[in-house]
Amino acid sequence: MIKQVMILVEGQTEEAFVNRVLQPYLNEKGIYLSTTMVCTKKVKGVRRHRGGIADYDQVKRDLSTLLKSSHFNLITTFLDYYGLPSNFPGQSTLPNGDCYAKVTHLEKELEQDISNTNFYPFIMLHEFETMIFCDIYSLSDFFNDKIRRLDRLNNIFNEYKNPELINNSRETAPSKRILAELENYEKPLHGPIAIKNIGIDKIRNLCPHFNNWLNYIESF
């Protein structure tokens with residue numbers, strides 16, 4: 001049975017990741033992906049996408065539109081935990097505990113707010129660059145003169161049980177740590193290629209929350 005899945009993504013990098021890396025991986029399993037970016041602005045009725053989400057209403061509006069389509073078997077999301085807007089469902093009632101307790105709470109609250117059996121939420125811990133920390137040397141093709149800096153980033157990876165635990169602040173989120181060492185890092189240019197070099201299977205092995213999402217897509 002062929003499955004059609006639509007993924008609402010946060011920005012251009014996530015869209016490129018799905019189209020270039022995740023799509024071929026899941027195509028082999030009879031799963032076909034489509035993507036659309038969260039519309040953050042309209043100019044004269046034309047959708048504009050700037051990356052980042054300033055308001056949960058932007059997400060809810062787009063999900064509501066997508067769920068009216070009969071074409072897709074499943075609608076899901078690929079949103080960063082880092083930088084979610086304050087009015088996102090569950091933000092005001094975050095539980096104590098680790099990041100897994102928090103992200104599970106947010107996903108459940110989002111699922112309840114959307115309230116559609118064809119919807120399954122996914123929020124990436126803590127952001128897209130988490131996946132690059134699965135093998136930071138995947139950036140060496142772009143920064144082969146910065147091996148010591150890559151070594152320092154790899155030491156950060158070794159400090160944590162898995163890359164999803166690399167945390168969530170303006171100084172310590174995965175992208176901020178990469179930029180602190182590699183000031184010329186450009187997410188849309190370097191990110192999807194680095195992740196393609198790493199491979200989805202390695203990321204699944206190291207990132208349990210991400211793996212659970214793919215397990216659901218493969219089995220629904």
Main-chain N/O of [Y] paired with [X] side-chain donor or acceptor, under 3.5 Å:
X	Y	result
Glu127	Ser175	yes
Glu14	Leu79	no
Ser138	Asp135	yes
Glu109	Leu106	no
Asp98	Ala101	yes
Thr76	Pro121	no
Asn73	Val5	no
Asp80	Phe128	yes
His126	Glu164	yes

Open item on the list: Checking Tyr120 against Phe220 for the ring pair (Phe, Tyr, Trp, His ring centres under 6.0 Å) test, could you report, in this order, the C-alpha distance in whole Å, the side-chain angles of both residues, the deciding distance, and whether it holds?
Closed with: CA-CA 10 Å; Tyr120 184 81; Phe220 79 94; 9.1 Å; no
Open item on the list: Does the structure place the NZ or CZ of Lys3 under 6.0 Å from the centre of the six-membered ring of Tyr32, at an angle of no more than 45° from the ring's axis?
Closed with: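 Checked: cation-pi criterion not met.
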Open item on the list: Do Asn212 and Arg204 pair up side chain to side chain, a donor and an acceptor below 3.5 Å, judged on atom types alone?
Closed with: no
- [ ] Report yes or no: do Tyr81 and Ile7 belong to one cluster of Ile/Leu/Val/Met/Phe/Trp/Tyr joined by side chain heavy-atom distances under 4.5 Å?
- [x]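 In one cluster with Tyr81: Ile7, yes.
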Open item on the list: Ring-plane angle category for Phe143 and His190, please: parallel below 30°, perpendicular beyond 60°, tilted otherwise.
Closed with: perpendicular
TODO: Quick one: closest heavy-atom pair of Lys176 and Glu171, and the distance?
DONE: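 Heavy-atom minimum between the residues: CB-O, 3.7 Å.
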